[in-house]
Amino acid sequence: MTDLRREFDQAAEDIQQLGQRPDNDTLLKLYALYKQGSEGDVHGDAPGFFDFVGTAKYEAWAKLRGISEEQAMQRYIALVQELLG
């Protein structure tokens with residue numbers, strides 16, 4: 001396992017310790033960066049029209065298409081560190 005992957009996994013654990021729930025936009029950024037960092041570009045069909053949460057998550061992830069997994073991991077780690085202060 002690379003150092004970056006270890007930091008990424010640790011950031012995913014650390015964010016669970018956040019005392020206050022981030023706003024929805026920040027949650028979507030965290031979700032999208034995590035998915036891009038762990039799975040790469042968005043795949044699968046978009047959720048149905050009435051699945052508002054699923055659609056928001058899918059679209060947030062799709063906006064990161066083309067960003068490398070390494071870049072996404074670095075951005076995720078930085079955002080988690082920023083949120084944890």
Side-chain angles (χ1 to χ4, degrees):
M1 186 182 294
T2 66
D3 288 341
L4 180 60
R5 174 59 70 176
R6 272 193 283 281
E7 281 186 68
F8 180 72
D9 291 342
Q10 185 61 51
E13 288 180 31
D14 292 346
I15 197 65
Q16 302 299 321
Q17 307 307 316
L18 193 62
Q20 186 175 339
R21 184 178 190 268
D23 62 84
N24 288 340
D25 286 341
T26 303
L27 287 173
L28 283 173
K29 285 179 192 174
L30 286 166
Y31 172 83
L33 287 168
Y34 183 82
K35 292 293 277 188
Q36 188 73 16
S38 59
E39 296 183 32
D41 286 343
V42 69
H43 48 79
D45 295 330
F49 179 74
F50 292 106
D51 181 358
F52 302 116
V53 173
T55 298
K57 288 179 170 182
Y58 185 90
E59 288 175 356
W61 186 11
K63 286 180 184 176
L64 298 179
R65 182 176 281 129
I67 293 176
S68 72
E69 290 181 24
E70 291 78 16
Q71 279 183 303
M73 283 189 232
Q74 291 168 342
R75 289 172 57 183
Y76 180 83
I77 292 164
L79 181 54
V80 168
Q81 290 173 345
E82 179 183 323
L83 291 171
L84 293 173

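Both backbone and side-chain heavy atoms feed into the values below; hydrogens, waters and symmetry mates do not. Remember, predicted model here, so these are calculated numbers, not experimental data.
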Taking the side chain as every heavy atom from C-beta outward, state whether [X] and [Y] have any atom pair closer than 4.5 Å.
{"X": "Val42", "Y": "Tyr58", "value": "yes"}
{"X": "Lys63", "Y": "Lys29", "value": "no"}
{"X": "Lys35", "Y": "Tyr76", "value": "no"}

field: Pairing residues for Asn24 by the side chain to side chain contact (heavy atoms under 4.5 Å, CB included) criterion, not counting sequence neighbours
entry: Arg21, Leu27

Are [Y] and [X] connected in a single hydrophobic cluster, I mean Ile/Leu/Val/Met/Phe/Trp/Tyr linked by side-chain heavy atoms less than 4.5 Å apart?
{"X": "Tyr31", "Y": "Leu33", "value": "no"}
{"X": "Met73", "Y": "Leu84", "value": "yes"}
{"X": "Trp61", "Y": "Tyr34", "value": "no"}

message: Using the rule given for side chain to side chain contact (heavy atoms under 4.5 Å, CB included), can you reason through Val80 versus Leu83, listing the C-alpha separation, both sets of side-chain angles and the distance that settles it, and then say yes or no?
response: CA-CA 5 Å; Val80 168; Leu83 291 171; 5.6 Å; no

- prompt: Are any of the side-chain nitrogens in Arg6 or Asp9 under 4.0 Å away from the carboxylate oxygens of its partner?
  reply: no

query: Roughly how far apart are Glu70 CD and Arg5 CZ, rounded to 0.5 Å?
result: 8.5 Å

- request: Scan residues 40-57 for pairs that pass salt bridge (charged side-chain N to carboxylate O under 4.0 Å, His left out), counting only residues two or more places apart or in two chains.
  value: none

Nearest non-hydrogen partners of [X] and [Y], listed with the distance:
{"X": "Ala72", "Y": "Ile67", "result": "N-CG2, 3.9 Å"}
{"X": "Gln36", "Y": "Glu69", "result": "O-CG, 3.3 Å"}
{"X": "Ser68", "Y": "Gln71", "result": "OG-N, 3.0 Å"}

query: Looking only at atom types and distance, does a side-chain atom of Glu7 sit under 3.5 Å from a main-chain N or O of Ile77, one as donor and one as acceptor?
result: no

